[in-house]
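Structure first, commentary second.
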Amino acid sequence: MQRTFGKVKDDSFHFDLIERYFRAKDNSNAFQTLSDKICNDLDFNELFMFVDRTHSKVGQQYLYQTLRTIPQSDHNSDETLIGHFLNDPDFRTSVQLQLEKLKSTDAYYISTLFQEEHQKAPGWFFICKILSVLSLVSVLLIPVSQQIKFFLFGIFIINMMIHFWNKRNLYQYLGSIPQLLRLTKVASELYKDERLTTQNSELGKSLKAISGIKRRLSFFRLEAKMDNDMAALVAGLIELFKILFLIEPLFLFGVLKRLDSMRREMDDVFSFVGKIDVLLSVASLREGAPNYCIPKISAQAKKLQAKNLYHPLVPDCVENDINIDQKSVLLTGSNMSGKTTFIRTVGINVISGLTLNTCFAADFEMPRMRVFSAIRISDDLLNDKSYYFEEVLTIKTMLEAGTQKYPNLFLLDEIFKGTNTIERISAGKAVLSSLAGGENIVLVSTHDIELADLLHDEYALFHFSENVNHKTVDFDYRIKDGKLKTRNAIRILEINDYPESIVKEANSISKELDNNI
């Protein structure tokens, strides 16, 4: 475990299971819950796979939830425990060993026990109790009357039908309930350490409540092992016993009724273990990062500063500085020069800073803000929506958010590129002026130099550029002050051996258009 600390996880990721806890959780109290659209724009799943250094499925689900919900307050109180994980290898290893006990895929389903509706007993379920009592009485009366055997056989047939009807209900919980027992045991062990107790000083009450039905829950652990560990003969005899007295349905619905009243306690235990695993994951992330910082959360709305900022998913990423103060940012530059990557870099660092208290930079200062994006837009053919219409709807959401009282970060790549030049520039200017109002910060990229001229009073202008040599195009990925003053698209056609007639005509038309603008 010491060897893997600080390293990217070599594992498979089942996002349909990882997301379950997040999808079912009520996040209405969060400062912002990141939408699927934002996550798609910022390559969220790839970011998660890089950030995830958890040791349990519970921690993995809790990390996903953490990364997708910007909280109302900061995480500075967690720094003490993160420091213990970074500086005390023995303590870290002892926690890892406990968390490793929750690595089974079945642990993904623990959250369903307190987030989803349980299977309800049918209206005729009271008959099961009567049949169970009749079976017991019949067995006791066999020495007195041999005729009772026929009555007992009839009850057995009815009970067998009910028993196998109930198997489908039972199988839904053969993974989750045994893992709940394991989770409770892990939480109890972790709770013994005073360094961890501070995460939830009231957890003892929840652990005690769940322990009150521990013996009943153990039945499911035994049942889960039957298929694998018990000898066939013994398993068969036990199965007959359970059929005769309807043990399974009586136990199942009795336990589900008790669990239904303990949803808050189960959630407490889940969150306790999940958060410890997340903080351990953050410690590992920081250990392996070439550069990181704890962000400064400023009360000044329209101010964002970063030094040596980089994208964690880009190998050998070029670091850049940015200083946004009262103005938004408009980026110009050619394709592949780094504009979109830089926009994503800022967005990812804002999210990781506000959720994990960790930024990939030497220094990062920002307000607590919500994040919105219009980067990866595509046609929605199933709903008959064009690229432009999808972009219109996305940006409308930003305009509505911009009128609210919260600071916002709006990330846009090539605004309105789905329409003609004149209308693109006209609509783009109007929209970008509106978005930059209030307490909002906008980062937008464009190929339209005209937008830079129209917005220079409201936006700080920056650009990315490249060097075009005789046969190569070299990008330095450095952000530079001012708007882009050179254009190399036609030159790139030339160095890629386009016919001379095409290059000559393109240059001629370009000069003519410049003179007419």
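Position 1 is the first residue of the sequence; numbering continues from there. Small disclaimer: the values here were computed from a predicted structure and weren't measured.
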Within a strict 4.5 Å, meaning less than it, do heavy atoms of the L304 and V329 side chains meet?
no
Any heavy-atom pair between the side chains of L170 and F251 that's under 4.5 Å?
no
Pair D52, Q60: side-chain N/O donor-acceptor within cut-off below 3.5 Å:
yes
Do other residues, nucleotides or ligands put more than 12 heavy atoms under 6.0 Å from the NZ atom of K307?
no
Does D277 use its side chain to pair, donor to acceptor, with the backbone of H55 at less than 3.5 Å?
yes
Roughly how far, to the nearest 0.5 Å, is the CD1 atom of I110 from the CD atom of Q61?
8.0 Å
For a salt bridge (charged side-chain N to carboxylate O under 4.0 Å, His left out) check, start with the C-alpha distance between D363 and K296, then their side-chain angles and the critical distance, and finish with the verdict.
CA-CA 8 Å; D363 187 69; K296 301 179 184 71; 2.4 Å; yes
Which pair of non-hydrogen atoms, one from A401 and one from N408, has the smallest distance, and what is that distance?
O-ND2, 3.2 Å
Is it true that E265 and K205 make a salt bridge, defined as a side-chain N closer than 4.0 Å to a carboxylate O?
no
Using a strict 4.0 Å threshold on nitrogen-to-oxygen distance, state whether R376 and D413 make a salt bridge.
no
Test item: side-chain donor near acceptor, Q65 and N27, under 3.5 Å
yes
Would you find a donor on one side and an acceptor on the other, under 3.5 Å apart, between the side chain of N40 and the backbone of D36?
no
Do the side chain of H463 and the main chain of D481 share a donor and acceptor less than 3.5 angstrom apart?
yes
Is the NZ or CZ atom of R478 positioned over F475's six-membered ring, under 6.0 angstrom from the centre and within 45° of the axis?
no
Take atom NZ of K103 as the centre, draw a 6.0 Å sphere, and report whether it contains more than 12 heavy atoms from other residues, nucleotides or ligands.
no
Thinking salt bridges, do D78 and K275 make one under a 4.0 Å N-O criterion?
yes
To the nearest 0.5 Å, what is the distance between CG (L279) and OG (S284)?
12.5 Å
For F31 and Y406: C-alpha separation, side-chain torsions, deciding distance, then whether ring pair (Phe, Tyr, Trp, His ring centres under 6.0 Å) applies.
CA-CA 9 Å; F31 185 71; Y406 306 106; 5.4 Å; yes
Indicate yes or no: does R286 engage E79 in a salt bridge with an N to O separation below 4.0 Å.
yes
Is there side-chain contact between Y310 and T345, with heavy atoms separated by less than 4.5 Å?
no
Donor-acceptor pair, distance only, cut-off 3.5 Å: does the side chain of T33 make one with the backbone of T69?
no
How far apart are the C-alpha atoms of N357 and V282, what are their side-chain angles, what is the distance that settles it, and do they pass the side chain to side chain contact (heavy atoms under 4.5 Å, CB included) test?
CA-CA 9 Å; N357 213 31; V282 171; over 6 Å; no
L280 vs T54, test: side chain to side chain contact (heavy atoms under 4.5 Å, CB included). Steps then yes/no.
CA-CA 7 Å; L280 180 56; T54 57; over 6 Å; no
S206 side chain reached by M262 side chain, heavy atoms, under 4.5 Å:
no
Nearest 0.5 Å please: distance from the OG atom of S434 over to the CD atom of E458.
10.0 Å
Do K9 and T4 pair up side chain to side chain, a donor and an acceptor below 3.5 Å, judged on atom types alone?
no
Decide if atom CD of E194 counts as having more than 12 heavy atoms of other residues, nucleotides or ligands within a radius under 6.0 Å.
no
May I have the step-by-step check of side chain to side chain contact (heavy atoms under 4.5 Å, CB included) for Q119 and L252, ending in yes or no?
CA-CA 9 Å; Q119 188 70 35; L252 174 64; 5.8 Å; no
Flag, side chain of S328 to backbone of V442, donor-acceptor distance under 3.5 Å:
yes
Report, as yes or no, whether the 6.0 Å neighbourhood of atom CG on D16 holds more than 12 heavy atoms from other residues, nucleotides or ligands.
yes
Any donor-acceptor pair under 3.5 Å from K302 side chain to N440 backbone:
yes
Non-hydrogen side-chain atoms of F372 and D41 separated by less than 4.5 Å
no
Would K167 and E248 satisfy salt bridge (charged side-chain N to carboxylate O under 4.0 Å, His left out), going step by step from the backbone distance to the final call?
CA-CA 8 Å; K167 282 292 186 184; E248 286 185 1; 3.0 Å; yes
Any chance you could measure R344, atom CZ, to I375, atom CD1, to the nearest 0.5 Å?
5.0 Å
What orientation do H118 and Y173 show, parallel under 30°, tilted 30 to 60°, or perpendicular over 60°?
perpendicular
Are the side chain of Y292 and the backbone of L285 linked by a donor-acceptor contact shorter than 3.5 Å?
no
Out of curiosity, T332 OG1 to L451 CG, how far, rounded to the nearest 0.5 Å?
10.5 Å
Has the side chain of D106 got a donor or acceptor atom that lies under 3.5 Å from a matching backbone atom of S176?
no
L67 CG to L63 CG distance, which is reported to the nearest 0.5 Å:
6.0 Å
Using the side chain to side chain contact (heavy atoms under 4.5 Å, CB included) rule, take L354 and I297 through it: C-alpha gap first, then chi angles, then the decisive distance, then the call.
CA-CA 8 Å; L354 293 175; I297 308 302; 3.7 Å; yes
Hey, are the side chains of N45 and C39 touching, using non-hydrogen atoms and a 4.5 Å cut-off?
no
Going by side-chain hydrogen bond (donor to acceptor under 3.5 Å, both in side chains), R20 matches just one of H14, Q115, E116. Which one?
E116
Lys/Arg cation over aromatic F44: R68, 6.0 Å, 45° cone:
yes
Are R92 and D88 within salt-bridge range, i.e. N to O under 4.0 Å?
no
Mind checking whether L411 and L42 have side chains closer than 4.5 Å, heavy atoms only?
yes
Set out, in order, the CA-CA distance, both residues' side-chain angles and the distance that settles ring pair (Phe, Tyr, Trp, His ring centres under 6.0 Å) for F464 and Y477, then state yes or no.
CA-CA 6 Å; F464 287 87; Y477 306 111; 8.0 Å; no
Under 3.5 Å: donor-acceptor pair, side chain of T197, backbone of Y191:
yes
Checking Y62, Y108, Y21 against K57 for side chain to side chain contact (heavy atoms under 4.5 Å, CB included), the one that qualifies is Y108
Indicate yes or no for a side-chain donor-acceptor contact from E391 to the backbone of F416 under 3.5 Å, with no hydrogens or angles considered.
yes
Does the side chain of V318 come within less than 4.5 Å of D476's, by heavy atoms?
no
